[in-house]
There are 2 protein chains.
Amino acid sequence: MGTTQLESVPEPKYWHLKNVIGEALDSDFSVGEILPNERDLAARFGVARATLRQALEQLELEGRLQRRRGVGTTVAPPRVGVDVSTAGQAWPGSAQDTWQSYDCAKAVPPAPVARMLGTGIEDETYALRRLRVSHGHPVAAELLYVPATSVPDLSAIDAPSGPSRARAVLRELQRLDLDGQDRSVELGSARADDAKELDRLPGAPVLVVTTRYFSQGRTAAVTVATYRADTCRLTFGDTGDVEISHHAEERRAS
Amino acid sequence: MGTTQLESVPEPKYWHLKNVIGEALDSDFSVGEILPNERDLAARFGVARATLRQALEQLELEGRLQRRRGVGTTVAPPRVGVDVSTAGQAWPGSAQDTWQSYDCAKAVPPAPVARMLGTGIEDETYALRRLRVSHGHPVAAELLYVPATSVPDLSAIDAPSGPSRARAVLRELQRLDLDGQDRSVELGSARADDAKELDRLPGAPVLVVTTRYFSQGRTAAVTVATYRADTCRLTFGDTGDVEISHHAEERRAS
DNA sequence: CAGTGGTCTAGACCACACC
DNA sequence: GTGTGGTCTAGACCACTGA
């Protein structure tokens, strides 16, 4: 304010608000600090609460704010970088990966997944549920789809269901040769079950990472991982063999 | 509707609406078809327009709808996959990359970028503006930051500004040895200038791809590319050396 | 319990595209 | 012009958290 003259094409109020609050966040608040409640803020800026909320929504989308019903609005910490690179990668569940699996059932995959797997609707498929935790918080929920034909040696009633069968499926997968993989990232909104795992409301914005695992010229498995878009930054460490020196990397701006 | 009984924990109306409309989109509409206007739709479902809009916003976020002011709401085509892999990668601007650069100026990079470059606020930096076009539509706008120290041989007034200087900067970059790179993806909202390039409103959801280019043990350049989140799916073709057969890939679900 | 953010309403006006 | 989606208002009630 003060710098802008009267605009011939005025920007929306919520947009202006977002910028004003965003700047205030940089200068007057520190991480974790709680903001005044929405009704007070709206009154202070002389706008309706709906308008104020539109600005806060934007800031939350950008990962700068965190809002919790019944609690309040707080300044969010910087997004955590989670590694999703495929360098030297193997099957899911190998070595010490950052996922913990906790359930497995037979299910029919959604149409887009079935298309990637090249399966018909009546083909048996295992659906394995996993959770990725970082710094004590869940950051992603994943569904791993494995057609029964990919793990033929898995004895039918090896384990009735649940975690033990999950382990069995992963074990069988390891025995296949992994020819390569294929990854894509897109924006989505959390389904009710994923939202619950991630401690968010249904419809919350998420980054959907879809991975295809190839073996013997076919798609042997597909994972669909949904990452919290508000708190996560997906990183791909595609650095060659170079060792990067630790220059300014750790400096603070202010 | 009709299938659900009375809910003890009722889901929000807009969430239910979103699902209902989403299903209708699958069954009763085809790509490009225009929906009834918001006022009619709201009346038809017996909700306020704001509630109906909340449902449409979700669907637009998921890339299922496209809304244009003054025109209407249409069924969106499937997201286009844009390759952002770094396999066999080189400097930006090399060979036939999919970007077209059209401007270059000197500027001070935003704080996070300056931190990655390890530059102070008074160090000269070139800011190069580029646009990525796919299937005739702009899908991403990019800012490439190059500290003047990275291209020392660029004669100061080689070209005053604009596209010719952009080409000169890129040309100089090619001469450096590229040791590796580093990429991250996060959710953001479009700044006013990016939004304009991408034919969207300010604040529209975008996928921000940040790339660091390493040379001689330091960060020689940084790009910040903003992709339209509604129409784009970022793909990483990390497939090893395997050739994937074209099984079911092209089928339609019906 | 009181206080928070989340949902919803019924209106109004504006900016834009197209005729 | 007319019709569209985009913004904004001033209220109301609900669902949740924590004292």
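Below, chains carry the letters A, B, ... as their sequence lines are ordered, and counting in each starts from 1.
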| task | Could you tell me the separation between the CD atom of A/E11 and the P atom of C/dC16, rounded to a whole number of Å? | result | 14 Å

| Quick one: the side chain of B/R39 and the base of D/dG3, do they pair up donor-acceptor inside 3.5 Å? | no

| task | For A/E62 and B/S189, test the side chains for any donor-to-acceptor distance below 3.5 angstrom and give the result as yes or no. | result | yes

| query | Of the options B/R132, B/E142, B/R233, which is the one that meets B/Y227 in a side-chain hydrogen bond (donor to acceptor under 3.5 Å, both in side chains)? | reply | B/R132

| query | Given atom CG of B/L201 and atom P of D/dT7, what is their separation to the nearest angstrom? | reply | 6 Å

| task | Would you mind reading off the distance between B/R67 atom CZ and C/dA15 atom C1', rounded to a whole angstrom? | result | 15 Å

| said: What is the separation between atom CH2 on B/W15 and atom C1' on D/dC14, rounded to the nearest whole Å? | reply: 19 Å

| task | Specify the separation, in whole Å, of atom CD of A/Q66 and atom P of C/dG6. | result | 11 Å

| message | Could you tell me if the side chain of B/P109 sits less than 4.5 Å from the side chain of B/M116, heavy atoms only? | response | no

| said: Rounded at 0.5 Å granularity, tell me how far CZ in B/R130 sits from CG in B/D103. | reply: 13.0 Å

| said: For the OG1 atom of B/T211 and the CZ atom of A/F236, what is their distance to the nearest 0.5 Å? | reply: 10.5 Å

| task | Identify, residue by residue, the members of residues 43-65 of chain A with a heavy atom below 4.0 Å from DNA chain C, and return them in order of residue number, or none. | result | A/R49, A/R53

| message | It should be established whether B/Y14 places a side-chain nitrogen or oxygen under 4.0 Å from OP1 or OP2 of nucleotide C/dT7. | response | yes

| task | Determine whether the side chains of A/R67 and A/T73 contain a donor N or O and an acceptor N or O closer than 3.5 Å. | result | no

| B/E60 and salt bridge (charged side-chain N to carboxylate O under 4.0 Å, His left out): which partner among B/R200, B/R68, B/R228, B/R53? | B/R200

| task | Would you kindly give the CG-to-P distance between A/L41 and D/dT9, to the nearest whole Å? | result | 14 Å

| Phosphate contact (C/dT4 OP1 or OP2) by A/T73 side-chain N/O below 4.0 Å | no

| Atom pair distance, as rounded to whole Å: CG in A/L35 and C1' in C/dG5 | 13 Å

| field | Separation of D/dA15 C1' from A/E38 CD (nearest whole Å) | value | 14 Å

| note | Heavy-atom nearest nucleotide on DNA chain D taken for A/R68 and for A/P12; more 5' hit belongs to A/P12

| query | So which nucleotide from D/dG6, D/dC8, C/dG6 ends up closest to the side chain of B/R69? | reply | D/dG6

| said: Just N and O in the side chain of A/N37: are any of them under 4.0 Å from OP1 or OP2 of C/dG3? | reply: no

